[in-house]
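Notes to accompany the following structure.
The chains referred to below are lettered A, B, ... by the order of the sequence lines, with proteins before strands, and numbering in each begins at 1.
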2 protein chains.
Amino acid sequence: MYEKTNHLCFCPLEGVIDVISKKWALLTINALGNHGTLRFKGLMKELDKIAPKSLSDTLKELQAEGLVRRESFAEIPPRVEYSLTRDGMQLRKAIVPLLRWAATRER
Amino acid sequence: MYEKTNHLCFCPLEGVIDVISKKWALLTINALGNHGTLRFKGLMKELDKIAPKSLSDTLKELQAEGLVRRESFAEIPPRVEYSLTRDGMQLRKAIVPLLRWAATRER
DNA sequence: CCGAATCCTGGACGATACTG
DNA sequence: CAGTATCGTCCAGGATTCGG
């Protein structure tokens, strides 16, 4: 159906689009990629004025997709750390060109 | 605010996110990149079961962003051709790694 | 016949308050 | 500190219909 010369079959994108097209997904991935590990509050700071619920939702979806790992420590006060999985890091690498392109757009 | 070593400041993304996070934007960019020039109906075929309105909206936004060029010919029957601008082509290049990553996800 | 406008609904997103 | 509960808003996106 699709030629396979220089063309990219985007069929597999179907499922992934729904992930990366979420408003905060790429930002979150990038933030975690930059810092390696972040706590909930840390992410709140990085993602300017994101609502707790939005962050919570985003993290849950990214976990479900196997892109983000969550580690919670049974301490007082509680501590939860988020980081990228191997898949997540690959995605992060894949979006670097996109980030660079965006950075040069000046808009 | 952000270190500039290996980190990527995602501030510029703000505006761009709104573009690429539209469900069909990247697919459309990619389809046009693959074919060079496509008509409305051609895009409809490429983008599996997209609603006409969704495509219309997407194309308008991409035009407004200067990523897609629209040429209409005063013929009978009417013909309208869409293609990528130079900016659009650069974006297309920037998302290739993302598409490849998506393609390997098998999900 | 091809391209686009209208109408409507679901879900993403946000604000705030609250709990373990 | 790390979220959840709840409510409300808004718009992307799908089905249908219109215009040239």
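- If you check every strand for non-hydrogen atoms under 4.0 Å, A/Phe73 touches nothing.
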Inset, instruction - Encode nucleotides 9-20 of chain D as B, S and - characters from 5' to 3', where the letter depends on protein heavy atoms closer than 4.0 Å: B to the base, S only to sugar-phosphate, - to neither. - result: ---SBBBB----
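- Taking the side chain as every heavy atom from C-beta outward, A/Ser83 and A/Arg69 approach each other to under 4.5 Å.
- A search for salt bridge (charged side-chain N to carboxylate O under 4.0 Å, His left out) contacts involving A/Arg39 returns nothing, not counting sequence neighbours.
- Atom NZ of B/Lys45 and atom P of C/dC2 are 10 Å apart (whole Å).
- With sequence neighbours left out, the salt bridge (charged side-chain N to carboxylate O under 4.0 Å, His left out) criterion links A/Glu71 to no other residue.
- Whole-Å rounding puts the B/Leu38 CG to C/dG3 P distance at 11 Å.
- Distance, B/Met44 CE to C/dC1 P: 17 Å, rounded to whole Å.
- We find that CG of B/Leu59 is positioned 10 Å from P of C/dG3, with the value rounded to whole Å.
- Atom-to-atom, CZ of B/Arg79 to C1' of C/dC1 comes out at 15 Å; the value is rounded to the nearest Å.
- In this structure B/Lys53 satisfies the salt bridge (charged side-chain N to carboxylate O under 4.0 Å, His left out) test together with B/Asp57, sequence neighbours excluded.
- Using a 4.0 Å cut-off, some side-chain N or O of A/Tyr82 falls inside it from OP1 or OP2 of D/dG3.
- Judged as a side chain to side chain contact (heavy atoms under 4.5 Å, CB included), and not counting sequence neighbours, the contacts of A/Met44 are A/Phe40, A/Ile50, A/Pro52, A/Leu55.
- A search for side chain to side chain contact (heavy atoms under 4.5 Å, CB included) contacts involving A/Asp87 returns A/Leu67, A/Thr85, A/Gln90, B/Arg105, not counting sequence neighbours.
- Taking atom CG on B/Leu55 and atom P on C/dC2, their separation rounds to 14 Å, with Å as the unit.
- Rounded to an integer number of Å, the gap from CG of A/Asp48 to C1' of C/dG14 is 14 Å.
- A distance of 12.5 Å separates CH2 of B/Trp24 from CG of B/Asn30, quoted to the nearest 0.5 Å.
- Taking atom NZ on A/Lys41 and atom P on D/dT4, their separation rounds to 16 Å, with Å as the unit.
- Residue A/Arg39 places none of its side-chain N or O atoms closer than 4.0 Å to OP1 or OP2 of D/dC1.
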